[in-house]
Amino acid sequence: MAKELLPKKSDNISEWYTSVIRIADLADYGPVKGTMIIKPYGYAIWEAIQKQLDGYIKEKGVKNAYFPLFIPMSFLEKEKSHVEGFSPELAVVTVCGGEKLEEPLVVRPTSETVIYDAYGKWIQSWRDLPLMMNQWCNVVRWEKRTMPFMRTSEFLWQEGHTAHATHEEAIEMQNWAMDAYSKVYRDLLAIDGYTGLKSITERFAGAANSLTFESLMPSGKVVQSCTSHDLGQNFSKVFNIKFQDEQGVDSYAWQTSWGYTTRSIAALILAHGDDNGLCLPPNVAPIQIAIVSAKATKEVVDFCRLLNEELVGNGIRSEFDNRDDETFGYKLNKWEVRGAPIVIKVGPREVDNGKLTCRRRDTLSDVEINRGDATINIRELFDEIQSSMLNSSVNYKEENTRTASNYDEFKDIMKQHKGFIKVFWNDDPKIEKIIKDETTATTRCKIAEDTSGVDFYTGKPAKDIWLFAQSY
RNA sequence: CGGGGUGUGGCGCAGUUGAUAGCGCGCCCGGUUUGGGACCGGGAGGUCGAAGGUUUAAGUCCUUUCACCCCGACCA
């Protein structure tokens with residue numbers, strides 16, 4: 001624990017990022033390339049996200065289930081664009097129990113194929129629809145360039161898979177999932193972003209179209225940590241997910257899949273952290289309140305203990321840091337690096353005057369509140385911190401969304417600022433490739449249909465408004 | 001996977017022309033301390049990323065390999 005060892009975020013955001021993960025005790029490297037150990041403090045963030053998102057999922061009537069880790073290679077090969085999209089990053093098992101397998105097994109990179117093989121067996125009638133399942137699990141994608149939380153060979157996520165009788169119903173589901181994701185982002189992580197449709201190049205392998213939530217990081221690069229796909233009938237046709245409707249006519253089901261990953265924790269670290277370390281919004285902070293005593297007299301310790309019990313009893317994630325081998329100043333810095341939203345400083349002064357000195361992590365300023373109604377005051381402070389953090393994210397996004405009306409302006413913005421670039425554009429993979437090669441920017445999403453402008457690249461009448469940016 | 005860089009106790013580093021390792025922080029024990037990273041005393045801990053090679057002798061030279069960082073391609 002040494003704050004002076006933390007590189008300045010403004011100097012070198014990459015080194016800052018990997019250091020803060022280690023110093024704040026979020027995670028450590030695993031023994032295998034690209035793998036990571038998520039430590040309790042980091043995992044608790046994931047649990048807070050899970051709790052919220054799992055609640056939304058259940059409210060919607062989607063059931064949790066679990067499907068196998070191993071998938072026969074032939075399953076992936078059934079959907080052409082799916083296997084083409086994933087084959088470069090597959091981990092494949094060829095030997096089991098000391099014997100070479102007849103058919104290699106893929107460690108799931110995503111579970112469409114294994115789940116839809118089962119759906120094909122389970123769905124016979126319109127009465128079986130909609131079929132809506134979700135699983136919380138790990139997936140493996142052998143990435144070339146890894147980074148803790150941002151891009152690991154194995155990562156945790158939730159994947160929802162649904163089958164519906166109509167395309168409209170499937171689209172409603174797809175939109176619902178993205179709404180839930182953006183609520184998690186905004187309400188829990190205090191991160192704003194743009195929701196929209198992916199381009200032909202960027203969409204999920206096997207999807208008819210993909211919705212995404214894109215959030216801008218201080219480096220000027222953009223993070224995508226969740227997507228929601230309209231799979232059309234692409235998978236139902238190859239996995240034979242057929243049902244007989246009320247008229248006795250056979251049709252293929254309309255499907256969606258949607259996932260939210262631990263990459264969102266990377267966004268959380270990057271978006272709010274500063275030169276002093278992590279800065280967590282109260283709604284996801286594993287420890288929302290750290291109580292630190294300035295002098296460990298019996299009166300002070302008893303005061304802290306009672307306060308902590310009261311807060312914990314009222315559902316606040318509070319901890320009394322009662323270590324006797326660390327000094328006051330040391331503890332304050334420790335909780336600062338670990339990003340606890342509020343540190344309550346208690347000494348004889350507070351015991352005497354019935355006030356609490358609260359240090360806000362987001363503003364690094366002290367606020368005095370009454371001990372008497374501590375819980376109420378702290379809940380108010382939480383709300384204030386949470387919304388102030390979201391506000392700064394909203395402002396940052398808006399300040400860094402720039403409009404380009406032609407390619408020269410576009411290149412200029414990429415050179416000077418990065419961030420989001422808003423343009424009129426018609427989706428064209430060939431042009432997207434050229435732009436990427438020349439500027440490193442790719443489409444993030446289509447945010448609106450609008451025929452009032454001309455395509456920034458070709459100058460021809462345009463149909464839509466798109467956001468471009470460099471992605472992580 | 002391509003280009004560049006790094007690799008020495010948990011962390012940050014030093015180690016001259018080759019002679020089998022040292023510092024600071026941290027850690028453990030004892031004591032004094034505690035309102036923004038305390039101090040004194042006493043300890044533990046490394047064969048120098050890994051494997052091979054040259055040599056009487058390798059942290060230092062050579063080869064291979066691995067990991068991490070920065071920049072690309074792939075990607076949630």
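Values reported hereafter were calculated over all heavy atoms of this structure, with side chains retained and with hydrogens, waters and symmetry mates removed. A quick note: this is a predicted structure, and the numbers were derived from the prediction, not measured. Labels below follow one simple rule: chain letters A, B, ... track the order of the sequence lines, proteins then strands, and each chain is numbered from 1.
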Q: Quickly work out the A:Asn353 CG to B:G35 P distance and round it to whole Å.
A: 18 Å

Q: Rounding to a whole Å, what distance do you find between A:Ile23:CD1 and B:G12:P?
A: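 Those two atoms, CD1 and P, are 9 Å apart.
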
Q: Starting at atom CG of A:Leu332, determine the distance to atom P of B:A38, rounded to an integer number of angstrom.
A: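 Checked: the CG to P distance equals 10 Å.
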
Q: Report the distance from atom OH of A:Tyr29 to atom C1' of B:G7, rounded to the nearest whole Å.
A: 13 Å

Q: What integer number of Å spans the C1' atoms of B:G43 and B:G3?
A: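 That atom pair is separated by 48 Å.
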
Q: Could you pick out which residue, A:Arg359 or A:Gln470, lies toward the 5' side of RNA chain B when each is mapped onto its nearest nucleotide?
A: A:Arg359

Q: Please report, rounded to the nearest Å, how far the C1' atom of B:A38 is from the CG atom of A:Asn333.
A: 13 Å

Q: For B:G5 and B:G9, measure between their C1' atoms and round to the nearest Å.
A: 24 Å

Q: Pick base, sugar-phosphate or nothing for A:Gly259, based on heavy-atom distances below 4.0 Å to the nucleic acid.
A: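 No contact at all - A:Gly259 keeps every heavy atom at 4.0 Å or more from the nucleic acid.
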
Q: Determine which nucleotide pairs with B:U6, using a 3.5 Å limit on both distances of a Watson-Crick or G-U wobble pair.
A: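 For B:U6, the partner nucleotide comes out as B:A67, under the 3.5 Å rule.
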
Q: To the nearest Å, how far apart are A:Lys331 NZ and B:A38 P?
A: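 Computing the A:Lys331:NZ to B:A38:P distance gives 12 Å.
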
Q: How close or far is atom P of B:G72 from atom CD of A:Glu438, stated in whole angstroms?
A: 16 Å

Q: Using atom P in both nucleotides, what's the gap between B:G15 and B:U60 to the nearest angstrom?
A: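 The same atom, P, in both gives a distance of 15 Å.
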
Q: Could you tell me which nucleotide pairs with B:G41 by Watson-Crick or G-U wobble geometry, both distances under 3.5 Å, or answer none if nothing does?
A: B:C29

Q: Provide the Watson-Crick or G-U wobble partner of B:A21, both distances under 3.5 Å; none if there is no partner.
A: none

Q: Expressed in whole Å, how much space separates the C1' atoms belonging to B:A19 and B:U32?
A: 46 Å

Q: Classify the side-chain pair A:Asp464/A:Trp425 by whether it contains a donor and acceptor separated by less than 3.5 Å.
A: no

Q: What closest approach, in Å, do A:His161 and A:Ser111 show between heavy atoms, and which atom pair accounts for it?
A: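 Looking at all heavy atoms of both residues, the shortest contact is CE1-C, 4.2 Å.
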
Q: If the C1' atom of B:G18 is compared with that of B:C74, how far apart are they to the nearest Å?
A: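 That atom pair is separated by 44 Å.
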
Q: Along nucleotides 27-33 of chain B, 5' to 3', which nucleotides get a B, which get an S, and which get a -, given that the test is a protein heavy-atom distance under 4.0 Å?
A: -------

Q: Check A:Lys397, A:Lys198, A:Lys446, A:Lys221 against A:Glu214 for a salt bridge (charged side-chain N to carboxylate O under 4.0 Å, His left out) and give me the one that passes.
A: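 Testing A:Glu214 for a salt bridge (charged side-chain N to carboxylate O under 4.0 Å, His left out) against A:Lys397, A:Lys198, A:Lys446, A:Lys221 leaves exactly one candidate, A:Lys198.
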
Q: Would you say B:C68 has OP1 or OP2 under 4.0 Å from some side-chain N or O of A:Tyr17?
A: no

Q: Return the nucleotide paired to B:G46: Watson-Crick means purine N1 to pyrimidine N3 with N6-O4 or O6-N4, wobble means G-U with N1-O2 and O6-N3, both under 3.5 Å.
A: none

Q: For the side chain of A:Ser81 and the backbone of A:Ala205, is there at least one donor-acceptor N/O pair under 3.5 Å apart?
A: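 Such a contact is absent between A:Ser81 side chain and A:Ala205 backbone.
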
Q: Let me know the distance between CZ of A:Arg361 and P of B:G36, rounded to the nearest Å.
A: 18 Å

Q: C1' atom, B:A44 versus B:A58: distance in rounded Å?
A: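 Looking at atom C1' only, B:A44 and B:A58 are 28 Å apart.
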
Q: Tell me which nucleotide, if any, is Watson-Crick or G-U wobble paired with B:C61 when both distances must be under 3.5 Å.
A: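 B:G53 is the nucleotide pairing with B:C61.
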
Q: Are the charged groups of A:Asp179 and A:Lys183 less than 4.0 angstrom apart, N to O?
A: no

Q: Angle between ring planes, A:Tyr260 versus A:Tyr181, binned at 30° and 60°: parallel, tilted or perpendicular?
A: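 Ring orientation of A:Tyr260 relative to A:Tyr181: tilted.
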
Q: Contact class for A:Lys345 vs. all strands (heavy atom < 4.0 Å): base, sugar-phosphate, or nothing?
A: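 A:Lys345: base contact, heavy atoms under 4.0 Å.
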
Q: Taking all non-hydrogen atoms of both residues into account, name the closest pair between A:Phe468 and A:Thr443 and its distance.
A: CZ-CG2, 3.4 Å

Q: Please write out each protein N/O paired with an N/O of nucleotides 73-76 of chain B under 3.5 Å, distance rounded to 0.1 Å.
A:
| unit_1 | atom_1 | unit_2 | atom_2 | d |
| --- | --- | --- | --- | --- |
| B:C74 | OP2 | A:Lys436 | NZ | 2.3 |
| B:C74 | O2 | A:Glu143 | OE1 | 3.1 |
| B:C75 | O2' | A:Glu143 | OE2 | 2.7 |
| B:C75 | O2 | A:Arg151 | NE | 2.9 |
| B:C75 | O2 | A:Arg263 | NH2 | 3.3 |
| B:C75 | N3 | A:Tyr472 | O | 3.2 |
| B:C75 | N4 | A:Ser471 | OG | 3.3 |
| B:C75 | N4 | A:Tyr472 | O | 3.1 |
| B:A76 | O3' | A:Gln224 | O | 3.1 |
| B:A76 | O3' | A:Gln224 | NE2 | 2.7 |
| B:A76 | O2' | A:Gln224 | O | 2.1 |
| B:A76 | O2' | A:Arg263 | NE | 3.4 |
| B:A76 | O2' | A:Arg263 | NH1 | 2.5 |
| B:A76 | N6 | A:Thr152 | N | 3.2 |
| B:A76 | N6 | A:Thr152 | O | 2.8 |
| B:A76 | N3 | A:Thr261 | OG1 | 3.2 |

Q: Students often mix this up, so state it plainly: with edges at 30° and 60°, are the rings of A:Phe155 and A:Trp157 parallel, tilted or perpendicular?
A: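 A:Phe155 vs A:Trp157 ring planes: perpendicular.
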
Q: Take atom P in B:U64 and the same atom in B:G2, then report the distance between them in whole Å.
A: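 So the two P atoms sit 13 Å from each other.
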
Q: How close do A:Gln158 and A:Gly160 get, heavy atom to heavy atom, and via which atoms?
A: NE2-N, 3.3 Å

Q: What interatomic distance, in whole Å, is found between P of B:A67 and the corresponding atom of B:G26?
A: 33 Å

Q: If you take all heavy atoms of A:Asp362 and A:Cys279, which pair is closest and at what distance?
A: CA-SG, 3.9 Å

Q: From the options A:Phe204, A:Tyr116, A:Phe239, select the one residue that forms a ring-ring contact (aromatic ring centres under 6.0 Å, His included) with A:His82.
A: A:Phe204

